[in-house]
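Here is how names work: the chains are called A, B, and so on, in the same order as the sequence lines, proteins then strands, and each is numbered from 1.
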2 protein chains.
Amino acid sequence: MAIRDTGAEQLIKDTAKRIFFAEGKLNATTQDIADAAGVTRTLVNYYFRSKDVLFRQVFDESMHDMGNRMDEVIQSTLPFKKKIERFIEVFYTQLATYPYQESFMIAEINSNGFSFQKKDRPNVLAAFLKEIQTEMEKDAVKKMKPMNFLLNLFALMAYPLLTRPLFKIIFELDDLQYTKLLNERKKMIVDILFN
Amino acid sequence: MAIRDTGAEQLIKDTAKRIFFAEGKLNATTQDIADAAGVTRTLVNYYFRSKDVLFRQVFDESMHDMGNRMDEVIQSTLPFKKKIERFIEVFYTQLATYPYQESFMIAEINSNGFSFQKKDRPNVLAAFLKEIQTEMEKDAVKKMKPMNFLLNLFALMAYPLLTRPLFKIIFELDDLQYTKLLNERKKMIVDILFN
DNA sequence: ATTTTGTTTGACTAATTTGTCAGACAAAGA
DNA sequence: TCTTTGTCTGACAAATTAGTCAAACAAAAT
């Protein structure tokens with residue numbers, strides 16, 4: 001009965017994440033993943049019965065991880081502005097190792113819909129929206145729907161990463177220059193969001 | 001020698017655009033497109049030798065259209081702020097009919113790279129960046145790298161559209177409510193960008 | 001009317017990718 | 001040692017998708 005954990009299952013998942021999120025190969029086949037993991041494709045089917053199951057599992061876990069990482073910051077006792085700065089930092093760190101994660105998530109949701117178990121963490125978001133509201137009343141940030149404040153935060157952080165290959169060409173920048181531009185944004189985003 | 005234009009070629013392209021950009025079926029097959037257009041798949045191969053050619057043609061044309069629409073606004077004689085407002089309006093109109101266009105472009109660039117003929121319109125962007133710079137010196141907008149101003153503009157416009165299915169669920173909004181939220185953003189984006 | 005030429009299709013082939021299954025292999029238990 | 005059981009593989013079958021080709025069709029030209 002005991003599982004003999006050889007690490008293969010985790011290896012396959014990690015490899016899949018690397019291919020999807022780090023290498024941006026959004027349409028990788030199971031063979032691609034098996035090859036990259038150094039196992040046979042049959043083994044992928046042994047652990048995950050089908051391609052869909054593997055994809056969904058990778059998707060769900062990543063979604064969950066991301067949620068946890070952010071909740072942790074949101075629920076911390078830091079003062080609001082520090083909290084946002086920390087939030088940006090966490091987001092950028094994650095995207096440094098997995099630059100295509102957002103892309104993958106968005107594409108996946110667009111094509112295969114989205115089933116999300118939001119029964120857990122029921123009021124984390126609500127509490128944070130309320131905290132934002134409070135800051136607005138203190139005139140610390142521009143008055144708007146708190147949801148829009150959050151959308152703005154994510155937009156300013158994520159969009160330049162999502163569109164990196166596009167804007168690299170539009171602006172005629174090399175990788176290093178674009179990375180520099182991105183890093184300058186961390187401070188700028190805070191400046192924009194706060195009065 | 002004369003082409004007997006039956007409209008089939010254009011029909012196929014338009015249908016492809018509809019499926020990709022309006023319905024968000026990013027991984028549609030040539031069969032899907034043929035079916036939706038009411039023609040046989042063979043005909044798709046008659047006009048466009050391969051799937052890749054069709055995809056690229058749709059991609060290039062859309063990219064070009066979008067570029068033109070935006071250049072038109074950028075090169076207009078409107079005062080700067082009006083120009084930005086008009087820009088947002090144009091962008092929103094386009095995304096109302098083709099909500100998934102950005103998604104498609106990004107995914108396409110991520111997986112298949114990007115060859116862009118930027119020999120045309122060589123200085124449109126440069127001129128606009130300069131105009132932004134001038135506005136910064138007049139203190140009309142926050143001081144930053146003009147490129148970042150542009151990135152912010154696009155981010156604030158596009159991101160909430162890209163992630164619509166995701167944030168609909170996160171915020172627990174229905175379609176109508178989300179659309180309302182989006183529309184409120186038009187004015188807000190201007191408020192954020194300008195002093 | 002007949003030929004020509006561009007358009008469209010059905011049937012076929014090829015390529016790619018996924019899924020299954022019997023059996024090999026190796027670690028643990030008897 | 002022998003058996004059991006979980007892990008892994010190679011060979012095969014199935015499904016999906018893309019591409020080709022000869023021939024049917026229809027509009028124009030002769």
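Residue A:F48 is classed as having no contact, given no heavy-atom separation below 4.0 Å to the nucleic acid.
Here A:F87 and A:F154 bring their ring centres to under 6.0 angstrom of each other.
B:K17 is linked by a side chain to side chain donor-acceptor pair (under 3.5 Å) to B:E61, counting only residues two or more places apart in sequence or in another chain. Every residue two or more places apart in sequence or in another chain was checked for a side chain to side chain contact (heavy atoms under 4.5 Å, CB included) with B:K130, and none qualifies. Listed by chain and residue number, A:E89 satisfy the salt bridge (charged side-chain N to carboxylate O under 4.0 Å, His left out) test with A:K186 (two or more places apart in sequence, or in another chain). Considering only residues two or more places apart in sequence or on other chains, B:F194 meets the ring-ring contact (aromatic ring centres under 6.0 Å, His included) condition with B:F80. Residues satisfying the salt bridge (charged side-chain N to carboxylate O under 4.0 Å, His left out) criterion with B:E72, sequence neighbours excluded, are absent altogether. Partners of A:K51 by salt bridge (charged side-chain N to carboxylate O under 4.0 Å, His left out), not counting sequence neighbours: none found. For A:N45, the side chain to side chain contact (heavy atoms under 4.5 Å, CB included) partners two or more places apart in sequence, or in a different chain, are A:R41.
Pairs of residues two or more places apart, or lying in two chains, that qualify as ring pair (Phe, Tyr, Trp, His ring centres under 6.0 Å) and include a residue from residues 5-52 of chain B are B:F20-B:F55, B:F20-B:F104, B:F21-B:Y98, B:F21-B:F104.
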Taking N or O atoms only and anything under 3.5 Å, show me the protein contacts with nucleotides 25-27 of chain D, one pair per line.
| residue | atom | partner | partner atom | Å |
| --- | --- | --- | --- | --- |
| D:dA27 | N3 | B:R4 | NH2 | 3.4 |

Quick one: side chains of residues 158-170 of chain B, donor-acceptor pairs under 3.5 Å with protein atoms, not counting sequence neighbours, listed by atom name and distance.
| residue | atom | partner | partner atom | Å |
| --- | --- | --- | --- | --- |
| B:Y159 | OH | A:E102 | OE1 | 3.4 |
| B:T163 | OG1 | B:Y159 | O | 2.8 |
| B:R164 | NE | B:D175 | OD1 | 3.4 |
| B:R164 | NH2 | B:D175 | O | 3.2 |
| B:R164 | NH2 | B:D175 | OD1 | 2.7 |
| B:R164 | NH2 | B:T179 | OG1 | 2.8 |

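Side-chain nitrogen and oxygen atoms of A:Y46 include none within less than 4.0 Å of the OP1 or OP2 phosphate oxygen of D:dC8.
The stretch residues 6-22 of chain B has no heavy atom under 4.0 angstrom from DNA chain D at all.
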## Note on the structure
In B/S/- notation (B base, S sugar-phosphate only, - none; protein heavy atoms under 4.0 Å), nucleotides 13-24 of chain C written 5' to 3' is ----SBBBB---
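The separation between B:L43 atom CG and C:dT7 atom P is 9 Å, rounded to whole Å.
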